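Predicted model, so just to flag it, every value in this text is computed and none were measured.
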Amino acid sequence: GLNQCFVDITYTYTIQNIGEINLTVTELERTINDEQMNLITEVDSSALFLTPTDTYTTTEVVIVELCTASAYLLSTAVVAQGNNGLPCGDRDNFRFRVTPGTFSPTP
């Protein structure tokens, strides 16, 4: 039925400070098929201060339609400010296609 066409997918976003200095995350944005969202708008700034090896993780539930052939592209971007005054950042992409009757993510 119609309810089986829509499923919840949980995306987990993890930022890890792999450097040797303290960082403060200033931006964490994701875009899913051209829909952009800031993922740290209401986050306490103390959670965004990362010493070396620290991580910050957040999740988001998105509804995916399985009954219509479609493609999903998730892009993420993070920017942080080092305690040395220099910015750093990273980006990543994840895409998958939906073919009615099957669901198989691809790297």
Side-chain angles (χ1 to χ4, degrees):
L2 185 59
N3 289 340
Q4 295 172 341
C5 288
F6 299 93
V7 297
D8 290 346
I9 300 253
T10 301
Y11 288 111
T12 302
Y13 308 95
T14 300
I15 302 167
Q16 181 178 17
N17 181 353
I18 61 171
E20 299 175 359
I21 62 171
N22 297 336
L23 297 173
T24 300
V25 176
T26 57
E27 295 176 33
L28 176 58
E29 296 180 345
R30 70 91 176 124
T31 304
I32 300 175
N33 293 352
D34 298 324
E35 179 192 325
Q36 189 174 8
M37 179 181 286
N38 181 334
L39 297 173
I40 60 171
T41 301
E42 298 183 20
V43 175
D44 184 320
S45 61
S46 65
L48 301 174
F49 178 78
L50 305 178
T51 60
T53 73
D54 276 355
T55 60
Y56 170 77
T57 299
T58 188
T59 60
E60 173 187 32
V61 176
V62 177
I63 297 172
V64 173
E65 183 179 356
L66 299 180
C67 295
T68 302
S70 55
Y72 290 84
L73 173 61
L74 167 71
S75 300
T76 58
V78 61
V79 176
Q81 185 77 32
N83 64 354
N84 61 0
L86 299 176
C88 64
D90 198 9
R91 295 180 177 275
D92 204 359
N93 294 307
F94 176 78
R95 76 179 67 227
F96 64 92
R97 295 188 182 283
V98 173
T99 302
T102 65
F103 176 75
S104 54
T106 58

K.L.:
Taking the side chain as every heavy atom from C-beta outward, state whether Gln4 and Leu66 have any pair of such atoms under 4.5 Å apart.
P.N.:
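No. Closest side-chain heavy atoms not under 4.5 Å.
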
K.L.:
Can you check whether Asn83 reaches Leu23 side chain to side chain, under 4.5 Å on heavy atoms?
P.N.:
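A side-chain contact is absent here, since even the closest heavy-atom pair is not under 4.5 Å.
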
K.L.:
Can you list, by chain and residue number, the hydrophobic cluster partners of Ile18 when the side-chain cut-off is 4.5 Å?
P.N.:
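Besides Ile18, the hydrophobic cluster comprises nothing; the residue is isolated.
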
K.L.:
Side chains of Tyr56 and Val43, heavy atoms from C-beta outward: is any pair under 4.5 Å?
P.N.:
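Yes, at least one pair of side-chain atoms sits under 4.5 Å.
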
K.L.:
To check you understand the geometry: which heavy-atom pair defines the closest contact between Gln36 and Thr31, and what is its length?
P.N.:
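Minimum heavy-atom contact is CG-OG1, 3.8 Å.
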
K.L.:
Nearest 0.5 Å, please: how far is CD in Gln16 from OG1 in Thr57?
P.N.:
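Going from the OG1 atom of Thr57 to the CD atom of Gln16 covers 9.5 Å.
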
K.L.:
Same hydrophobic cluster for Met37 and Val78, using side-chain heavy-atom links shorter than 4.5 Å among ILVMFWY?
P.N.:
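The answer is yes; both residues are in one hydrophobic cluster.
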
K.L.:
Does the side chain of Val98 come within less than 4.5 Å of Thr68's, by heavy atoms?
P.N.:
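No, their side chains stay 4.5 Å or more apart.
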
K.L.:
Report the distance from atom CG of Leu74 to atom CG of Asn93, rounding to the nearest 0.5 Å.
P.N.:
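The CG atom of Leu74 sits 7.5 Å away from the CG atom of Asn93.
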
K.L.:
Specify whether Tyr72 and Phe96 have parallel, tilted or perpendicular ring planes, treating 30° as the upper limit for parallel and 60° as the lower limit for perpendicular.
P.N.:
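Correct class here is parallel.
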
K.L.:
Would you say that more than 12 heavy atoms from the other residues, nucleotides or ligands in this model lie under 6.0 Å from the CG of Asp34, or not?
P.N.:
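12 or below, so no.
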
K.L.:
Give, for atom OG1 of Thr24 and atom CG of Leu50, the distance between the pair rounded to the nearest 0.5 Å.
P.N.:
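The OG1 atom of Thr24 sits 7.5 Å away from the CG atom of Leu50.
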
K.L.:
Show the nearest heavy-atom pair for residues Ala71 and Arg97, with the distance to one decimal.
P.N.:
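Nearest heavy atoms, Ala71 then Arg97: CB-NH1, 3.5 Å.
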
K.L.:
How far apart are the closest heavy atoms of Pro100 and Cys67, and which atoms are they?
P.N.:
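For Pro100 and Cys67, the tightest heavy-atom pair comes out as CG-O, 3.7 Å.
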
K.L.:
Taking all non-hydrogen atoms of both residues, which atom of Ser70 and which atom of Glu65 are closest, and how far apart?
P.N.:
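Closest pair (atom of Ser70, atom of Glu65, distance): OG-O, 4.2 Å.
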
K.L.:
Should Ile40 and Val79 be regarded as members of a common hydrophobic cluster, given that ILVMFWY residues are connected when their side-chain heavy atoms come within less than 4.5 Å of each other, either directly or indirectly?
P.N.:
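In one cluster with Ile40: Val79, no.
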
K.L.:
Return the minimal non-hydrogen interatomic distance between Gly19 and Pro52, and the atom names on each side.
P.N.:
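Looking at all heavy atoms of both residues, the shortest contact is O-CB, 3.4 Å.
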
K.L.:
Under 4.5 Å between side-chain heavy atoms, counting indirect links through other Ile/Leu/Val/Met/Phe/Trp/Tyr residues: same cluster for Leu39 and Tyr11 or not?
P.N.:
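Result: yes, single cluster for both.
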
K.L.:
Measure the spacing between CG of Leu28 and OH of Tyr13 and express it to the nearest 0.5 Å.
P.N.:
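Reported to 0.5 Å precision, the distance equals 8.0 Å.
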
K.L.:
Tell me whether Asp8 contacts the main-chain N or O of Ile63 through its side chain, where contact means a donor paired with an acceptor under 3.5 Å.
P.N.:
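No, the answer is negative, given that no donor and acceptor are paired below the 3.5 Å cut-off.
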
K.L.:
Under the rule for side-chain contact (heavy atoms from CB on, under 4.5 Å), what residues qualify as partners of Thr51, not counting sequence neighbours?
P.N.:
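Thr51 satisfies side-chain contact (heavy atoms from CB on, under 4.5 Å) with Asn22, Phe49, Asp54 once adjacent residues are dropped.
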
K.L.:
Any chain of hydrophobic side-chain contacts (each under 4.5 Å) joining Leu73 to Val64?
P.N.:
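Cluster IDs for Leu73 and Val64 differ.
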
K.L.:
For the atom pair CD1 (Ile15) and CG (Asp90), what is the distance rounded to the nearest 0.5 Å?
P.N.:
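These two atoms lie 10.0 Å from each other.
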
K.L.:
I need the Asn38 CG to Arg30 CZ distance, nearest 0.5 Å.
P.N.:
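Going from CG on Asn38 over to CZ on Arg30, the span is 10.5 Å.
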
